[in-house]
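In what follows, chains are A, B, ... by sequence order, proteins preceding strands, each numbered from 1.
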Amino acid sequence: MIRTRFAPSPTGFMHIGNLRTALYEYLIAKSNSGKFILRIEDTDQNRLVADAEKIIFDTLEIAGLKYDEGPDIGGDFGPYIQSQRKDIYMKYALQLIESGKAYYCFCDKERLDSLHKKNLSYDRHCKNLSTEEIQKNLAAKIPFVIRQFIPDGQTTFKDEVYGEITVDNSQLDDQILIKSDGLPTYNFANVVDDHLMQITHVVRGCEYLSSTPKYNLLYDAFGWQIPTYIHLPLILDENGEKLSKRRGAASFQDLLQLGYLPQAIINYIALLGWSPESNQEFFTLPELEKEFKISSLSKSPAIFDLNKLRWMNSEYIKKMPFDEFYAAVLPYFKNSIKKSDLDYKQLAEMSQTRINFIYEAPSLFDFIDKLPDYDVNLFVHKKMKTTLENSLDILKIIIDKLGNLSSWTQDDIKKSLTDVVNENGLKNGQVFWPARIALSGKDATPCGAVEIAQMLGKSESINRLKFALTKLEGN
RNA sequence: GGCUCGUUGGUCAAGUGGUUAAGACACGGCCCUUUCACGGCUGUAACAGGGGUUCAAAUCCCCUACGAGUCACCA
C-alpha cells in the first residue's frame, strides 16, 4: 500500500509551494487507495513559532486535504511530532556508530568556521579518534555531534520525475545526523521517520534533489529499503524568482485574505507542475484524486500567475449555486451600501458574473449612495448615437415622462422609457444611454437604466436627471 | 566556483521521430446587448542557439548560452 507524508516544519505560515507538495502527496496516496500522513518536523528549536501547528492543521482542513494519521488524530506509527521522538533518533545514530557508518565529532564552532571560510568541507578531523579519547571527551561533557561517514564512490538514485541521477560522493559532506542539542537534523530524522512510518513515496520539492544521495547512503547503512522518490519542480513568482512574502502572496493565508476561494487555489496549483490527459481544467478534489498520475508531473519550474488564479476565482464564483453566492455576498452589501431598501437578491444576481472576488460586489453599486462626479462628455456615445445636444433634449422628455409615473416598478419605468423611444422615433440607446449616465454617473454599471432608477427611487432619480440637465445646459 | 537539474508563445502547458506544433490565461477584433459583464466566434504569438544521427527531429546524441537548485549543528 502506498503511504505518503506531508512533513512541514512549523514556521507559522503555509508557503504555496508547500501546499502544492501536500496536495500532490495527498493525490498520490489517494489515487492509489493509499494513506496520507501528517508529520511535524520541529527539530530546529530556534525556529519554533507559536500556533504554527494550528496553522498547518487549519490549512489542510480548509484545503480539504484530510490526513489519515497525524499529531492531532493519532495513528499506528506515532508520535507524529519529531521533537517527541528524540530518543528514537539517538538510538539509530548510535547503531550507525556501532557499525562504523557514523562517528562522534567534537569539533568546535571556530574550527568549523575556519574550514568553511576556506570553502572546505568537513575534514574528518574526528573520524579516527580512539575509543579512549571519545570516552574521555564524553565523560568531560564536551559537546558533540554525530556525523555520517560518506564512503568513496558514486551514488545513483532514481527519481520518478527526473530520472536517474548520479552524484560523486566527493560532493557530499560527512553530514551531521545528531546536533549538539541532541536533536536530529532534518535529513536524519526524515530518513528514520520515513522508514519507521513505512512511507513508500517520498514527495518533496526539488531543492532536496542534491541531498538525496545522502539519504540513500543512510538507507543503505541501515539496510533499509529505499523509497520511491518524487521531486517536484519549483514554483516561482512573476519575475522568475522564489515566491516571497515581500512580493505579495506567498502563502495560502495571504491568498485567502485577498479573497481567493480555497477550491480555486487548489485547482490552480494542481495545474502548476501537473497536467491531466484531457483538456479539462476545472477539477474538484475527488476528480483530481481520480485523474492524478505521477507520470504527468512536469520537470521545469512554473511561474505562479496571479492573473490566471484571479480568472479561475471568478469562474468559481460563477459556478457557485446562487444561494451559496448570495449568502456569501450579502454581508458585504449590508456593510458597504448605506441605502437600506434594496433588493439584495437582485444585486447579488447582477454581481455574480461581474466580479473576481466576492468582496468586490458592493463596489459595483457605489453610485447608489452617492452620485459620482462625472464628465459631461460621458453623454456622448458614437454607437448609441448620442450627443450633448440630443441628450439634453431627450433627458427633458424623460424627466417629464417619469415625473408623471404614479407607480415606480421596473415594468413601469421600462414602459415609460420605451414609450419615449417609440413616440419620438429614437433608437433605444439614445434614451437608455443618457438616462443611465445621468442616474449613475458611470460609463459602466452592472445593470441598466431601468434597474438603477428603480433602486434609487423616484425622487432621487428625478433629481439626478435634473442635475444632468444643468450639467448639459451649462456646457 | 564544483556538482545536479531545467529550457515549446508574455504565463500555465499538450506533445515521447512524420502534427496545419493542441488547449487555457492575458491581449486584440467581431457578434449578442439600453452600458458593463457573461456567453459565442475569431486573431496575434512558441520549439534558446549551434552541430550531429536519420529519408524524416520540438522529440535521440554532443557542445554552447541562459536560468535554477545545492554545497549549514535550516528545513
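When both pairing distances are held under 3.5 Å, B:U53 makes no Watson-Crick or G-U pair with any nucleotide shown. Base pairing of B:A48 is made with B:U64, judged by Watson-Crick or G-U wobble geometry with both donor-acceptor distances under 3.5 Å. Across all strands shown, B:U34 forms no Watson-Crick or G-U wobble pair with both distances under 3.5 Å. Across all strands shown, B:U20 remains unpaired; no Watson-Crick or G-U wobble contact has both distances below 3.5 Å. Across the strands present, B:G69 finds its partner in B:C3; the criterion is a Watson-Crick or G-U wobble pair with both atom distances under 3.5 angstrom. In this structure, B:A13 makes no Watson-Crick or G-U wobble pair, since no nucleotide meets both defining distances under 3.5 angstrom. Across all strands shown, B:G28 pairs with B:U42; the Watson-Crick or G-U wobble distances both stay below 3.5 Å.
Nucleic acid contact class of A:Q171 (heavy atoms, under 4.0 Å, all strands): base. Within the 4.0 angstrom heavy-atom criterion, no nucleotide atom of any strand lies near A:S440. Among the protein residues, A:M312 comes within range of no part of the nucleic acid, since none of its heavy atoms lies under 4.0 Å from any strand. Among the heavy atoms of the strands, none lies under 4.0 Å from A:L364. Residue A:G205 is out of contact with every strand shown, counting any heavy-atom pair closer than 4.0 Å. A:C107 comes within 4.0 angstrom of a nucleotide base, judged by non-hydrogen atoms across all strands. Residue-level contact check: A:G429 touches neither bases nor backbone, having no heavy atom under 4.0 Å from any strand. Among the protein residues, A:Y268 comes within range of no part of the nucleic acid, since none of its heavy atoms lies under 4.0 Å from any strand.
The gap from the P atom of B:A24 to that of B:G2 amounts to 44 Å, rounded to the nearest Å. Taking atom P on both nucleotides, B:C63 is separated from B:C5 by 12 Å, rounded to a whole Å. For B:C60 and B:U53, the C1' atoms lie 8 Å apart once the distance is rounded to whole Å. Here the separation of B:G52 from B:G6, taken at their C1' atoms, is 22 Å to the nearest Å.
Here B:C3 presents its P atom at 16 Å from CZ of A:F157, a figure rounded to the nearest Å. To the nearest angstrom, P of B:C3 lies 14 Å from CG of A:L172. At whole-Å resolution of the value, CG in A:N169 and P in B:U70 are 20 Å apart. A straight line from CG of A:N187 to C1' of B:C73 spans 12 Å, rounded to a whole angstrom. Note: CG (A:L272) to C1' (B:C25) measures 12 Å, nearest angstrom. Atom pair A:E451:CD and B:U33:P shows a separation of 16 Å (rounding to whole Å applied). Residue A:I355 contributes atom CD1, which lies 14 Å from atom C1' of B:C36 at whole-angstrom precision. Atom CG in A:D443 sits roughly 18 Å away from atom P in B:U34 (whole-Å rounding).
By the 4.0 Å N-to-carboxylate-O rule, A:D173 lies too far from A:K214 to be salt-bridged with it. Remark: A:E25 does not engage A:R204 in a salt bridge, criterion side-chain N to carboxylate O under 4.0 Å.
Contact annotation: A:S275 side-chain N/O to B:A14 OP1/OP2 distance is under 4.0 Å. For B:A75, one of the phosphate oxygens OP1 or OP2 lies less than 4.0 angstrom from a side-chain nitrogen or oxygen of A:T43. Applying the 4.0 Å criterion to OP1 and OP2 of B:C74, one finds that A:K179 has a side-chain N or O inside that range. A close approach under 4.0 Å does not occur between any side-chain nitrogen or oxygen of A:K385 and OP1 or OP2 of B:U34.
Each of A:Y162 and A:L309 was matched to the nucleotide of RNA chain B holding its nearest heavy atom; the match closer to the 5' end belongs to A:Y162. In this structure, A:I165 and A:S211 both approach RNA chain B, and ranking their closest nucleotides by distance from the 5' end singles out A:I165.
Nearest nucleotide to the side chain of A:K308, out of B:A75, B:A22, B:A24: B:A24. In the set B:U34, B:C36, B:C5, B:C36 carries the atom at the smallest distance from any side-chain atom of A:A444. The listed nucleotides are B:A75, B:A24, B:G6; the one nearest the side chain of A:W311 is B:A24. Picking from B:A72, B:G69, B:A75 the nucleotide with the shortest atom distance to the side chain of A:H116 gives B:A72. Side chain of A:V450, nearest nucleotide from B:C73, B:C3, B:U34: B:U34. Which of B:G23, B:C12, B:A26 sits closest to the side chain of A:N307 comes down to B:A26. The listed nucleotides are B:C73, B:A37, B:U11; the one nearest the side chain of A:D305 is B:U11. Of the candidate nucleotides B:A13, B:G69, B:C38, B:G69 has the atom nearest to the side chain of A:E207. Nearest nucleotide to the side chain of A:S180, out of B:C73, B:G69, B:A75: B:C73. Looking at the side chain of A:A449, the nearest of the listed nucleotides B:G39, B:U11, B:U34 is B:U34.
Looking only at distances, no side-chain donor or acceptor of A:E160 sits under 3.5 Å from a matching main-chain atom of A:I294. Of the possible polar contacts, one joining the A:R85 side chain to the A:P79 backbone as a donor-acceptor pair under 3.5 Å is found.
The number of heavy-atom neighbours closer than 6.0 Å to CG of A:N377, taken from other residues, nucleotides and ligands shown, is above 12.
Residue-to-nucleotide contacts include a donor-acceptor pair under 3.5 Å from the side chain of A:K383 to the base of B:U33. Counting atom types as modelled, A:S300 pairs no side-chain N or O with a base atom of B:U7 as donor and acceptor under 3.5 Å. One cannot find a donor-acceptor pair under 3.5 Å joining the base of B:U34 and the side-chain atoms of A:R436.
By the 30° and 60° cut-offs, the orientation of the rings of A:F304 relative to A:Y268 is perpendicular. Ring pair A:Y122/A:Y103 is parallel by interplanar angle, where below 30° counts as parallel and above 60° as perpendicular. Note: A:F467 and A:Y374 have perpendicular aromatic rings, judged against thresholds of 30 and 60 degrees for the angle between ring planes.
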Run A:K318 and A:E315 through salt bridge (charged side-chain N to carboxylate O under 4.0 Å, His left out) and show every step you take. CA-CA 5 Å; A:K318 281 174 212 136; A:E315 292 296 316; 3.2 Å; yes
